Amino acid sequence: GAGVSQTPSNKVTEKGKYVELRCDPISGHTALYWYRQSLGQGPEFLIYFQGTGAADDSGLPNDRFFAVRPEGSVSTLKIQRTERGDSAVYLCASSYLRTGELFFGEGSRLTVL
Amino acid sequence: GENVEQHPSTLSVQEGDSAVIKCTYSDSASNYFPWYKQELGKRPQLIIDIRSNVGEKKDQRIAVTLNKTAKHFSLHITETQPEDSAVYFCAAISPLGNQFYFGTGTSLTVIP
């Protein structure tokens, strides 16, 4: 596709459930980022991939959060034992260069009841 | 790590007036400063960016200025229009770092 694609666009789940959020970056972009955005806040860094490897996962809040990018393209953010505080919009972004323009997806809005 | 602060958090201007949003950063190694516009329920989109080897950059009604010594940069929108209403985020990244650090955003309202 022409842009960064994220699915699902909306996810409502119950506390304690497992959730997967998918990101399909722009073709050829080796850098991929996951950010989390709460209402009225700026994007908060979670994890950065360069190719297949997680180059920086220092933003993951705890061990319930994990992300993979096995083939260097599509990435999946996985959240175990979801908590109400995990409710936010999860944004994925890709970039051709690490310090180049970030192209964001529309985000996945996660609501944990 | 980097700390980016953004002011004001909200800004209302009359159509046709100018709007200025300011950001400061803490890491003197940061060298790339993009500005993103996010309309309600939409993705952030890059509107202008500046690198540290440049002091000012302009694109039609939008300009960004950078003061490396003071570690601050500003977004200037002239002749504002209602469609400029959105949340604007500044960001900074260091060549030594792996993440873009975003400000907390400025909600701009242009009153017709």
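Remember, it's a predicted structure, so these values are computed and weren't measured experimentally. Chain naming here is simple, since letters A, B, ... match the order of the sequence lines and numbering starts at 1 in each.
Tyr33(A) and Phe104(A) have their aromatic ring centers separated by at least 6.0 angstrom.
Checked by atom type, the side-chain pair Asp49(B)/Tyr32(B) shows a donor-acceptor distance below 3.5 Å. For Gln37(A) and Gln38(B), the side-chain atoms include at least one donor-acceptor pair closer than 3.5 Å. In this model, no donor atom of one side chain and acceptor atom of the other lie less than 3.5 Å apart for Thr24(B) and His72(B).
Residue Gln6(B): no heavy atom, backbone or side chain, is found under 4.5 Å from chain A. With a threshold of 4.5 angstrom between heavy atoms, Pro44(B) approaches chain A through its backbone and through its side chain. At a 4.5 Å heavy-atom cutoff, Gln6(A) makes no contact with chain B through either its backbone or its side chain.
Across Glu101(A), Gln41(A), Glu44(A), the residue that shares the most heavy-atom pairs under 4.5 angstrom with chain B is Glu101(A).
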